[in-house]
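Everything below concerns the one structure shown next.
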Number of protein chains: 2
Amino acid sequence: MADLRADARRNRDRLVEAAAALFAERGPDAPLDEVARRAGVGVGTLYRRFPDRDALVRAVAVTSLRRVVGNARAAAGAADGWSGLTGFVRASVGDLRLAAGLSMTFARTWAGLRLDAEHEELRDELVALLQQLVDRAHGEGAMRPEVSAGDLAVLLALVLRPLPGAPPALVGGAAERHIAIVLEGMRAHPGEPLPGDPLLLDDLR
Amino acid sequence: MADLRADARRNRDRLVEAAAALFAERGPDAPLDEVARRAGVGVGTLYRRFPDRDALVRAVAVTSLRRVVGNARAAAGAADGWSGLTGFVRASVGDLRLAAGLSMTFARTWAGLRLDAEHEELRDELVALLQQLVDRAHGEGAMRPEVSAGDLAVLLALVLRPLPGAPPALVGGAAERHIAIVLEGMRAHPGEPLPGDPLLLDDLR
DNA sequence: CTCAATCGGAGGATTTTCCTCCACTTACTG
DNA sequence: CAGTAAGTGGAGGAAAATCCTCCGATTGAG
């Protein structure tokens, strides 16, 4: 996977990126022909590199996760929990957008598919780091104690998922803004208590 | 449309409801056979009542809009703008979930399809009422002035849209909670300024 | 009880999606 | 700057999903 010819590698990357966008928008069942078209690449190239849909889905998830986990590691070293958390989220907006397809991979997990070793490892590390950041922010009194790491995860997935058929530039560019609003809503301050129960990360498996 | 036999009316309603859920989840191109199946009704029944996909999409949008506009009218008479706004949102969560299909109808508008008279009328009234509620909340200093009615509309559509293949009970039931977090984030209080520009409702047409 | 309205869903037509195959192109290597 | 192994695109047939008609069975209304 590392020793590809330059053009091959380029096309592979394009495919993963296009697939991430399309999966995020339309779910993991989006037609592969369209992935190829969006990537500006022939279908033959797609099927040569990814023998079946699952291989592509896995590649998308792992690629995104790798970067997101990188961001989370960096955030763990931040001065305080809250700024670590917001820093992580902001840094990851782009990757999470790709990684919204990640939530689909969770869906696949629910659907009973096996994850390969690296995938599972990354997922677990991300979950641990996220929980740690949230705990820290809670401890500092910077974050509403009723808001859980699971709430955060779900809200990120929801808000970063593009609306189908939307005006891409317009709504897409607004993601950072909307995420900022959501983060504000998670901040500690004297509001009414939230309805319902916190989502635990474990509930999301 | 009013003088249907009892069973016919019941089935029609079931169809609209099932279609709303499916359109919200998978976009307005979701297979009609599955709409029928989810509604517990034969395909024949579906095609008899809605000659083509567009008729069904229109019915979903108008039905949802009617109820949402009703809520908005009620909210316009609230004691203050902010409670009117939150009241409206909370009351509409169920309908907006259905009406997430509404955002698809916006998408169809973008795609260049004509809306019938009632649909357009409802849309315009909702936009006006929403803008009015937000203006009032702004005037009272209860809502962050940088958050626009368009921001609100888009965030609602995003957060209420179900994740595909998700654990339906779990994530579905959390909608109210997540909406509450978003509303908190829109409240006036001394936070950092939001990045980006406010979304105007007119930008969304 | 009658019957016109309605229902369900089998199944053929149509469209979408998959995915192989190969003649042509391109990056690397000596 | 060839030679060549690796890579490429996309036509097109197979397979699957989706559409949507049709009709014998069922059911609500008077």
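Protein chains get the first letters and strands the later ones, always in sequence-line order, with residue 1 at the start of each.
- Every side chain to side chain contact (heavy atoms under 4.5 Å, CB included) that A:Arg10 has, sequence neighbours left out, goes to A:Asp7, A:Arg14.
- Between A:Asn11 and D:dG7, a side-chain N or O to OP1/OP2 separation shorter than 4.0 Å is absent.
- Considering only residues two or more places apart in sequence or on other chains, A:Phe50 meets the side chain to side chain contact (heavy atoms under 4.5 Å, CB included) condition with A:Arg12, A:Leu15, A:Val16, A:Ala55, A:Leu56, A:Ala59.
- Backbone-only contact: B:Arg49 has heavy atoms under 4.0 Å from sugar-phosphate atoms and none from a base.
- Listed pair A:Arg12 / D:dG7 fails the phosphate criterion, with no side-chain N or O lying under 4.0 Å from OP1 or OP2.
- Considering only residues two or more places apart in sequence or on other chains, B:Asp80 meets the side-chain hydrogen bond (donor to acceptor under 3.5 Å, both in side chains) condition with B:Ser83.
- Applying the side chain to side chain contact (heavy atoms under 4.5 Å, CB included) criterion to A:Phe88, with sequence neighbours excluded, gives A:Val68, A:Asn71, A:Ala72, A:Ala75, A:Ser92, A:Leu126, A:Leu130, A:Leu133.
- In this structure, the CZ atom of A:Phe50 is 15 Å from the P atom of C:dC18, given to the nearest Å.
- Of the inter-residue distances, the one linking A:His138 atom NE2 with A:Leu85 atom CG reads 9.0 Å to the nearest 0.5 angstrom.
- As rounded to whole Å, 15 Å separates atom C1' of C:dT17 from atom CG of A:Leu56.
- Not counting sequence neighbours, the partners of B:Glu125 by the side chain to side chain contact (heavy atoms under 4.5 Å, CB included) test are B:Val69, B:Arg73, B:Leu129.
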Per-nucleotide protein contact string for nucleotides 17-30 of chain D (B base, S sugar-phosphate only, - none; heavy atom under 4.0 Å): -SBBB-----BSS-
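- One can place CG of A:Leu46 at 11 Å from P of C:dT20, the figure rounded to the nearest angstrom.
- A straight line from CG of A:Asp54 to C1' of C:dC19 spans 16 Å, rounded to a whole angstrom.
- Protein atom CZ of A:Arg9 is 12 Å distant from nucleotide atom P of C:dC28, rounded to whole Å.
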